[in-house]
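Before any comments, here is the structure.
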Amino acid sequence: MNLTLASADGARLGPEMAALAHSPLAIRGLTVSYGEKPAVFSVDMTVTAGAMTAIIGPNGAGKSTLLKAALGIVKPLSGSVTVFGKPLAEARGRIAYVPQRASVDWDFPTRVIDVVTMGLYRELGLLGRIGAAHKARAMAALERVDMDGFATRQIGQLSGGQQQRVFLARALAQGADLYLLDEPFAGVDAATEKAIIAVLKTLRDEGRTVVAVHHDLSTVRDYFERVVLMNVRKIAEGPVDEAFVPEYLQEAYGGRLATAQIDQLSLAGA
Amino acid sequence: MLLDALTLQLGYNATLVAIGAALLGVAAGVTGTFLFLRKRALVSDAISHATLPGVGLAFILMVLLGGDGRWLPGLLAGSALTALLGLWLVQWLSRATRLGEDAAIGAVLSVFFGFGIVLLTVIQTIPAGRAAGLESFLLGSTAGMLYSDAVVIAVGGLITLGLVILLRRPMILVAFDPGFAETTGIDTRRTDLLMMTLVLAVTVVGLKIVGLILIVALLIIPPVTARFWSDRSDHVVMIAGGLGGMAGYVGAAISATAPDLPTGPIIVLVAFAGFAASLMLSPGRGVLSSFLRHRRFQAAVHMRQGLLALAQEQPIYEPLTLRLLRRAGLVRADGVPTDGGRARAAKALRDERRWTVLRSMEAHEVAASLYDGLREIETVLTPDQVAEIDRRIGLPKGVKP
């Protein structure tokens with residue numbers, strides 16, 4: 001049983017220290033605040049290697065903020081993040097991030113292939129030449145999401161689903177071991193959703209770790225093995241069967257989900 | 001006369017100014033592109049206005065120390081210091097308070113500029129130190145440009161250009177997707193600060209030629225113009241550099257053709273001429289091409305609607321549709337379709353069905369994404385692929401388009 005309940009009382013470390021050292025992403029006591037209202041409060045989370053984990057919770061629950069704090073995009077008020085047992089700064093090369101599609105200006109003067117190549121900038125350094133091998137890697141990443149035919153299109157000409165696949169391709173080009181995705185299925189067409197989940201499952205089958213902020217409760221059971229349920233605080237964490245249950249859903253969503261809905265969701269996999 | 005100026009035959013001073021202005025233009029265009037892409041163009045306005053008190057303070061200090069108050073490197077160093085302070089204040093105000101960056105820029109810009117004007121006015125009353133001419137930093141003045149001034153501008157411009165080339169990848173990444181940039185280990189705040197420092201360097205270097213009020217134009221107009229001509233950031237950077245350099249060179253040459261023509265304002269006007277021409281004529285984003293594209297699109301829509309209406313034997317009331325069909329010889333004056341019209345209508349209807357099938361086939365996603373209800377299907381598929389789709393529809397064979 002790997003279910004750990006959130007608690008702010010500090011009685012949480014101890015026997016799991018060994019597991020922490022190997023976890024792709026271990027978060028301890030993380031608190032992030034915009035102004036004086038905590039968006040994420042004292043969250044612990046230990047991501048299991050080689051699995052797909054969904055972070056779920058209602059709007060404003062701090063899901064994206066948790067992800068951004070784990071990546072160092074927003075500075076936490078307190079808490080620690082380790083990636084493969086190391087501080088974040090030493091493990092940058094093993095992480096790939098897929099931000100929310102709406103977070104960038106799609107009229108930016110750049111082509112699809114250029115965006116994917118951005119995933120290689122870290123390796124290229126300031127002046128490294130973009131050689132044939134790099135171009136091939138960028139194209140291979142585009143092929144994995146069926147977007148190779150769009151390589152020289154300006155990014156503003158893409159549909160929402162295609163934009164999302166370009167972002168995924170950029171993360172694939174990074175060749176990371178841990179993939180963190182922020183609402184990858186938000187506002188995309190069904191074909192894109194299918195394509196993305198197929199790629200993510202392939203990544204998992206290759207032994208890589210996938211963590212996604214997810215909002216569609218009806219697909220949690222089909223897509224993910226583990227869930228982290230949160231609403232500012234962590235409510236539950238564990239395998240879908242243990243953590244994605246009425247009791248915790250009720251606690252996370254309060255009155256926002258009808259009891260009938262909750263029963264339906266948790267029975268779907270039983 | 002202008003030809004003489006453009007071929008650098010109007011004497012020593014005019015040549016110095018033209019080369020200096022061209023270099024400044026390249027540096028400003030290239031640096032300004034990153035500012036423009038980061039959507040921080042207005043910050044440069046605050047930076048440039050914040051240089052003025054530095055000019056005054058540096059003058060006073062140099063006179064007090066018994067030196068020449070108008071020594072250019074000293075004045076530029078002073079302007080850089082207060083500009084840095086202004087930049088830091090803008091960043092701090094918008095980060096630490098709830099003021100937006102626009103409000104912070106407005107506050108810093110006007111206060112620093114006001115303080116600078118007060119200093120210059122006070123300096124005018126000091127008998128010592130030959131203060132006359134300091135106000136030329138407002139709009140630039142090239143009349144008495146020395147060789148050493150030109151060297152300062154050239155070296156400053158080249159160093160800035162080199163640094164921009166070195167930092168182009170992090171700056172582009174931060175401009176496009178700061179969150180992602182941060183996850184790859186780029187410090188976005190430091191990158192922004194470096195970019196602003198480069199802008200500051202261009203501003204300070206440009207004080208002598210275009211002055212602090214107009215330098216913003218040289219930073220912003222070239223990238224905005226370049227954006228009309230390319231959808232690739234690396235190309236936009238290079239085009240902006242070229243345009244800036246050309247504006248500097250041509251503007252300086254024009255101003256050399258007659259006495260009392262102000263160099264800085266003319267450079268800005270030349271840059272603006274390039275912008276206006278691009279705004280009108282750019283093939284992708286220009287006003288003219290947008291207008292023509294819209295007209296062509298409207299005609300295509302009406303044509304297609306008309307053909308579909310003919311195929312389904314519906315009446316057509318839209319005058320534009322009727323006019324287009326008549327002009328193409330597809331209907332007669334009384335509205336009855338010709339043989340050619342019937343054939344085209346049947347083809348239009350069949351193309352609709354073909355597109356419907358095409359769009360449901362995952363293998364043809366790239367082609368399907370081109371669907372706009374207007375395009376002839378033969379323009380995106382080979383005859384074999386069209387035949388394959390026809391087999392799926394099960395249309396009778398031998399219907400010729």
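Letters A, B, ... are given to chains in the order of the sequence lines, protein chains preceding strands, and every chain is numbered from 1. Every heavy atom of this structure was used, including side-chain atoms; hydrogens, water molecules and symmetry mates were not.
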Check: Checking heavy atoms, do the side chain of A/D114, its backbone, both or neither come under 4.5 Å from chain B?
Finding: side chain
Notebook entry, point to check: Could you go step by step and tell me if B/E182 and A/L71 meet the side-chain contact (heavy atoms from CB on, under 4.5 Å) rule?
Noted result: CA-CA 8 Å; B/E182 194 81 43; A/L71 286 155; over 6 Å; no
Margin query: For B/R285, is there an ion pair with A/D107 - N to carboxylate O distance below 4.0 angstrom?
Written below: yes
Next item on the list: Please check if atom CG in A/N59 has more than 12 non-hydrogen atoms from other residues, nucleotides or ligands closer than 6.0 Å.
Entry: no
Next item on the list: Check whether B/R98 gets within reach of chain A through its side chain, its backbone, both or neither, counting any heavy atom under 4.5 Å.
Entry: neither
Margin query: Looking at every heavy atom in both A/P109 and B/S230, which two are closest together, and how far apart are they?
Written below: CB-O, 4.4 Å
Check: Looking at B/T184, B/I186, B/I165, B/T188, which has the largest count of heavy-atom pairs under 4.5 Å with chain A?
Finding: B/T184
Check: Which region of B/A175, side chain (C-beta onward) or backbone (N, CA, C, O), has a non-hydrogen atom less than 4.5 Å from a non-hydrogen atom of chain A, or is it both or neither?
Finding: both
Notebook entry, point to check: If you tally heavy-atom pairs under 4.5 Å against chain B, which of A/G156, A/G128, A/A171 wins?
Noted result: A/G128
Check: Most heavy-atom pairs under 4.5 angstrom with chain B, which of A/I95, A/D148, A/L124, A/D146?
Finding: A/L124
Check: Given that the side chain runs from C-beta out, which part of A/V115 has a heavy atom under 4.5 Å from chain B: side chain, backbone, both or neither?
Finding: side chain
Margin query: Under the criterion side-chain contact (heavy atoms from CB on, under 4.5 Å), I'd like the reasoning laid out for A/F167 against B/D177: C-alpha separation, chi angles, the key distance, then a yes or no.
Written below: CA-CA 11 Å; A/F167 265 5; B/D177 193 344; 3.7 Å; yes
Next item on the list: Might you confirm whether atom CZ of B/R95 has over 12 heavy atoms from other residues, nucleotides or ligands at distances under 6.0 Å?
Entry: yes
Check: Is any side-chain heavy atom of A/T110 less than 4.5 Å from a side-chain heavy atom of B/D231?
Finding: no
Next item on the list: Mind telling me whether A/F108 and B/F176 have parallel, tilted or perpendicular rings, with 30° and 60° as the class edges?
Entry: tilted
Notebook entry, point to check: Does some side-chain heavy atom of B/R169 sit less than 4.5 Å from a side-chain heavy atom of A/T117?
Noted result: no
Next item on the list: Sort B/R189 into side chain, backbone, both or neither according to what part of it lies under 4.5 angstrom from a heavy atom of chain A.
Entry: neither
Checklist line | Over 12 foreign heavy atoms within 6.0 Å of NZ, A/K201 | finding: yes
Check: Hey, mind stepping through B/R168 and A/L126 against side-chain contact (heavy atoms from CB on, under 4.5 Å) and telling me if it holds?
Finding: CA-CA 8 Å; B/R168 66 191 194 283; A/L126 290 179; over 6 Å; no
Next item on the list: Give, as side chain, backbone, both or neither, the part of A/I155 having an atom under 4.5 angstrom from any heavy atom of chain B.
Entry: side chain
Next item on the list: Given side-chain contact (heavy atoms from CB on, under 4.5 Å), test B/T183 with A/K68 step by step and report yes or no.
Entry: CA-CA 9 Å; B/T183 67; A/K68 285 181 183 162; over 6 Å; no
